[in-house]
Structure formats: structure tokens, C-alpha cells
2 protein chains.
Amino acid sequence: MNIGDVAERSGLPAKTIRYYEDIGLIRPHRSANGYRCFAETDLHKLAFLARARALGFTIEDCRTLLGLYEDETRASADVKQLAQEHLSIIETKITDLQAMRDTLTELVQCCAGDNRPDCPILRDLAGESDCQERV
Amino acid sequence: MNIGDVAERSGLPAKTIRYYEDIGLIRPHRSANGYRCFAETDLHKLAFLARARALGFTIEDCRTLLGLYEDETRASADVKQLAQEHLSIIETKITDLQAMRDTLTELVQCCAGDNRPDCPILRDLAGESDCQERV
DNA sequence: CCTTGACCTTCCCCTAACTGGAAGCCCCAT
DNA sequence: ATGGGGCTTCCAGTTAGGGGAAGGTCAAGG
């Protein structure tokens, strides 16, 4: 398979696949003409990577996960721990974003949104918090 | 004030403050010795930026917000719209992260986490989804 | 046989928002 | 005058690729 084929079948852009080779996540063979030549196992790895990335794992996590996947003597505890650490990072991000969302929602609700300059959002950013004197 | 003072009072690292000058968000004066010399208004702007950044606004949003803040003829509708657009970006991120969290949580729960190699997390990533045959 | 277009290659620069570090000047205290 | 801390600029690196240029390759059509 050429890169275009695996790109289509894995759902990853060709650029991304070249990048993954660059950083050593995959090692496709080369044809006589210099083209990358992908085997089924390469495609399988790329699909693995695409799923792991879609779950938000970093590239380095993906490298570790691939290594564990190929290591028949792995302990599932190692995989689980990696996933749990990633999970807690995600939960932190969710919490942070929810705090932003809550504050922003309140500010937006307080803002008239008309053609006058008076704006509680700007007042809040400027440190003169009011916005209906929230307790 | 020197940069160390405004750094402490604004809560922003000196590096960040220099960066903000670099990209034109602030324009502190210079003392005879070449040191940046910050006025109260500069400190005020930095605090404004720090709050806007903490709410997740991009630097370019911050630039716009600062401009609106200093424009006495602004319409609060412009501020509100910017905030609403940002809010919807945040909500999208939250939704995406929650989907990741839900999937990961399920996978982690299915994984024994012992010293055996069998692992539903890796099976899922490899495309052989099982994990208690979720409907 | 030649050309055209699609595909492939490498290479380099660009992103956001900083952070780290090196080399060197300035100021104050001892 | 010397030591330490603070200040300056500049360069490089971070994540995970994306955009695009310059050029090689292949199959089909005229």
C-alpha cells in the first residue's frame, strides 16, 4: 500500500503518517522507487494510533501504549495506570473549563449587549467586579 | 516600577510580560539604563490581560478586548459577542473532553489492572472492542 | 513517444503562548 | 572591587502536525 491508501483506510492525513514515521512510531518499508510501502501491520498500528489520539493520549503516551501492545509479557496494570493518569488530566481540564464557562456565562448574562459602552464583562476583567453583586 | 515589581503585583511571570510587550499588547517606557519602566496603567492592563487569559481568551481576543476596553465609544454588544463566541468554543471543548472521559472511564473499569497481559484497553485501541459488550 | 495529472518524495517554515537558558550590562551592599 | 541579584537581548524548544515549494514517478491518453 502507498501512503494515500493507508491515509484513507486509517483516517489519518498523509502528513500525519509521515510525521509518525519521522518520530519513530512506525517504520514502513520502501519500494524501489522510494515510496513508502505499508504492510497490514503498519495500517493496524496507524489505526491504533488514531484511536489513542482520539482519546486524547499524547504522542508519548501513544508510544508507550504501542510498546505495551506489542509486549506479550506486559502487565495490564501498566496500561491501566497510564489510562488513569490520562483520565485525571482530562478531568482536571474539564473542571477548569467548567469554571471558565460558569464565570463567562454569568458575565454574558449580565451584559446588555446593546450599543452603549457600559459593559460588566469589561468591568470584571478590569477588576471592578460587580455583575449584580453575586454572593 | 521595574519588571520584577509588576510581575509580582500582576501575578504574571516577567518572561510573559516581555512577551506581551514584544507582541504589542503593552508599551512600557524605558528608564535611562534601558530597564522597562511600568506605570500604574501598565500594571492595570497586565492585570486585565491576566484575568482575560485566565478565562481562556486567546491572545488575539485579549488584544481586541483591550481595544474595546480603551474605546469609550464601544458597543457592549461587541464585547458580548466575543464572549459568547468564546463561550461556545469552551462548551465544545467540554463536550469533547467529556466524551473522552466517558470512554476512558469505561475502559479503565473493564481492565483488571493485574500482572497478566490481557487488557481490554489495548483491545479497544486495537479495534477489537469488547469491554463487557456495551450496547 | 510525449505529455498530462495524480501521486509520491524531501525540505523548510508556520502555528500558540509562552519557557529555558546563555551572554552580558547595571545597581547596591560589603 | 567584588559579589549577588536583577535587568537586557537573542536563540532555541515545546505539541502535533499543516502549508506549500521543488522535484521524482507512474499510468493513461493523444
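In the text below, chain A, chain B and the rest are named by the order of the sequence lines, each starting its count at 1.
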A.B. asks: Between C:dT15 atom P and A:K15 atom NZ, what is the distance in whole Å?
C.D. replies: 16 Å
A.B. asks: Set out, in order, the CA-CA distance, both residues' side-chain angles and the distance that settles salt bridge (charged side-chain N to carboxylate O under 4.0 Å, His left out) for A:R9 and A:E40, then state yes or no.
C.D. replies: CA-CA 11 Å; A:R9 290 177 61 185; A:E40 284 296 329; 3.6 Å; yes
A.B. asks: For A:R18, report the nucleic acid contact type (base, sugar-phosphate, nothing); a contact means any heavy atom under 4.0 Å.
C.D. replies: base
A.B. asks: Under 4.0 Å from OP1 or OP2 of C:dT9: is there any side-chain N or O of A:R36 that close?
C.D. replies: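 Checking A:R36 against C:dT9: at least one side-chain N or O falls below 4.0 Å of OP1 or OP2.
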A.B. asks: Output the rounded distance in Å from NE2 (A:H86) to P (D:dT15).
C.D. replies: 15 Å
A.B. asks: Let's go through A:F57 and A:T64 carefully: what are the C-alpha distance in whole Å and the side-chain angles of both, what is the deciding distance for side chain to side chain contact (heavy atoms under 4.5 Å, CB included) to 0.1 Å, and is it a yes or a no?
C.D. replies: CA-CA 10 Å; A:F57 285 103; A:T64 305; over 6 Å; no
A.B. asks: Strictly below 4.0 Å, N to O, side chains only: are B:D42 and B:R36 in salt-bridge contact?
C.D. replies: no
A.B. asks: May I have the distance from B:F38 (atom CZ) to D:dC7 (atom C1'), rounded to whole angstrom?
C.D. replies: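 After rounding, the reported distance stands at 11 Å.
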A.B. asks: Would you classify A:F57 as touching base, sugar-phosphate or nothing, given that sugar-phosphate means primed atoms plus P, OP1 and OP2, and contacts are heavy atoms under 4.0 Å?
C.D. replies: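 No contact.
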A.B. asks: Taking the basic N atoms (NZ, or NE/NH1/NH2) and the acidic carboxylate oxygens, is any pair closer than 4.0 Å for B:R116 and B:D118?
C.D. replies: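 No salt bridge links B:R116 with B:D118.
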A.B. asks: Check whether any side-chain heavy atom of B:E72 sits under 4.5 Å from a side-chain heavy atom of A:P117, and report yes or no.
C.D. replies: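 A side-chain contact is absent here, since even the closest heavy-atom pair is not under 4.5 Å.
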A.B. asks: Taking only side-chain nitrogens and oxygens of B:T58, does any of them come within less than 4.0 Å of OP1 or OP2 of C:dA16?
C.D. replies: no
A.B. asks: Please report the distance, rounded to the nearest Å, between CZ in A:R30 and P in D:dT25.
C.D. replies: 14 Å
A.B. asks: Grab the CD1-C1' distance between B:I17 and C:dA17 for me, whole Å please.
C.D. replies: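 Checked: the CD1 to C1' distance equals 15 Å.
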A.B. asks: A:I23 has an atom CD1; how far is it from atom P of D:dG18, in whole Å?
C.D. replies: 12 Å
A.B. asks: So, is A:T16 near the phosphate of D:dG18, with a side-chain N or O under 4.0 Å from OP1 or OP2?
C.D. replies: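 A:T16 to D:dG18 OP1/OP2: side-chain N or O found under 4.0 Å.
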A.B. asks: Measure the distance from OH on B:Y35 to C1' on C:dC28 and round it to the nearest whole Å.
C.D. replies: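 So the OH-C1' distance, B:Y35 to C:dC28, works out to 11 Å.
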A.B. asks: When we call it a touch if two heavy atoms are under 4.0 Å apart, what does B:I3 touch: a base, just sugar-phosphate, or nothing?
C.D. replies: sugar-phosphate
A.B. asks: Name the residue closer to the 5' end of DNA chain D, choosing between B:E21 and A:Y19 according to the nucleotide with the nearest heavy atom.
C.D. replies: B:E21
A.B. asks: Send over the distance from A:L46 CG to D:dG17 P, rounded to a whole Å.
C.D. replies: 12 Å
A.B. asks: Should B:N33 be listed as having a side-chain N or O under 4.0 Å from OP1 or OP2 of C:dC27?
C.D. replies: yes
